[in-house]
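Here is the structure we will look at, set down as structure tokens.
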Amino acid sequence: MTKRDTGRSSAATRPAARRTLAPGVNAGDWGLLLLRLTFGLIMAGHGAQKLFGLFGGPGLTATGEGFADLGYRPGKLFAVIAGLSEFLGGLGLAVGLFTPLAAAALVGVMINAMATVTGAHGLWESDGGVEYNVGIAVVALTVAATGPGRLALDRFFPWRAGGWPAAGVALVLGGIGAAITLSL
């Protein structure tokens, strides 16, 4: 042993399992939890604004009128669909339950928002553009692709690790839902 070699392994050479706070849970799992909670609860709150008028939202009747003004008929039905997609998709993402389906709901709503409201205004939110919608859709798709982490209810299901199939489900179902909605 040389003078510099103390016989202890450095942090860089220790196995990753030793750097965790709990067996099997690492910083990436905590990071995914933070990401899921932040975006999921924001989206659930956004849906609650539409559905229930919470958090200063307009509620279902006014949201339905807004949807009718955008060409969705009947407006109230489409307001319910959008509100439930945001509310349930956001909650699912937050707790990591049925993550590919939760992500699909959010992706579908964001595609609709881009196609009907923000797409004509360019990229930046300050101009009324798609910036926010793209961010939400990409976060939802990313969580589906990476998996929700070990601090999620999905940890018991086969899609817990994410991957191409989970990302594909989120993207394809979200796209199909958006296409159906836009075609009506």
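The aromatic rings of Tyr72 and Phe78 sit tilted relative to each other, their planes meeting at an angle between 30° and 60°.
Of the possible polar contacts, none joining the Asp127 side chain to the Gly129 backbone as a donor-acceptor pair under 3.5 Å is found. At least one donor-acceptor pair under 3.5 Å links the side chain of Arg36 to the backbone N or O of Leu93. Using modelled atom types, no side-chain atom of Asn133 and backbone atom of Ala113 make a donor-acceptor pair closer than 3.5 Å. A donor-acceptor contact shorter than 3.5 Å is absent between the side chain of Arg160 and the backbone of Gly149. No donor-acceptor pair closer than 3.5 Å links the side chain of Thr38 to the backbone N or O of Leu35.
Chaining together hydrophobic side chains whose heavy atoms lie under 4.5 Å apart places Phe157 alongside Val95, Leu97, Phe98, Leu101, Leu153, Trp159, Val169, Leu173.
Among all heavy-atom pairs drawn from Gly174 and Val107, the shortest one is CA-CG1, 4.3 Å. When all heavy atoms of Phe55 and Ala48 are compared, the pair lying nearest together is CE1-CB, 4.0 Å. Contact between Ala94 and Leu33 at its shortest, heavy atoms only, is O-CD1, 4.5 Å.
Cluster annotation: Leu106 and Leu32 are assigned to distinct hydrophobic clusters (Ile/Leu/Val/Met/Phe/Trp/Tyr, side-chain heavy-atom contacts under 4.5 Å, transitive). Val172 and Leu141 sit in two unconnected hydrophobic clusters of ILVMFWY residues. Membership requires side-chain heavy atoms under 4.5 Å apart, directly or through other members. In the hydrophobic clustering of ILVMFWY residues, with side-chain heavy atoms under 4.5 Å counting as a link, Val80 and Leu91 come out together. Note on Met43: it clusters hydrophobically with Met114, by side-chain heavy-atom contacts below 4.5 Å among ILVMFWY residues. Residue Ile111 is not grouped with residue Leu184 when hydrophobic side chains (ILVMFWY) are merged at heavy-atom distances under 4.5 angstrom, including chains of intermediate members.
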Practice problem: Starting from the C-alpha separation in whole Å, work towards a yes-or-no answer on side chain to side chain contact (heavy atoms under 4.5 Å, CB included) for Thr61 and Lys76. | Solution: CA-CA 7 Å; Thr61 300; Lys76 197 168 191 176; 3.8 Å; yes
Practice problem: Report the C-alpha separation of Arg150 and Asn26 in whole Å, then their side-chain angles, then the decisive distance to 0.1 Å, and conclude whether the side chain to side chain contact (heavy atoms under 4.5 Å, CB included) test is met. | Solution: CA-CA 9 Å; Arg150 289 180 193 94; Asn26 59 35; 3.5 Å; yes
Self-check item: Evaluation steps, side chain to side chain contact (heavy atoms under 4.5 Å, CB included), between Ile176 and Ile180
Solution: CA-CA 6 Å; Ile176 289 171; Ile180 291 170; 3.7 Å; yes
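Residue pairs meeting the salt bridge (Lys or Arg N to Asp or Glu O under 4.0 Å) criterion with at least one partner in residues 80-101, sequence neighbours excluded, are Lys50-Glu86.
Under the side-chain contact (heavy atoms from CB on, under 4.5 Å) test applied with Ser85, the options Val109, Asn112, Thr181 reduce to a single match, Val109.
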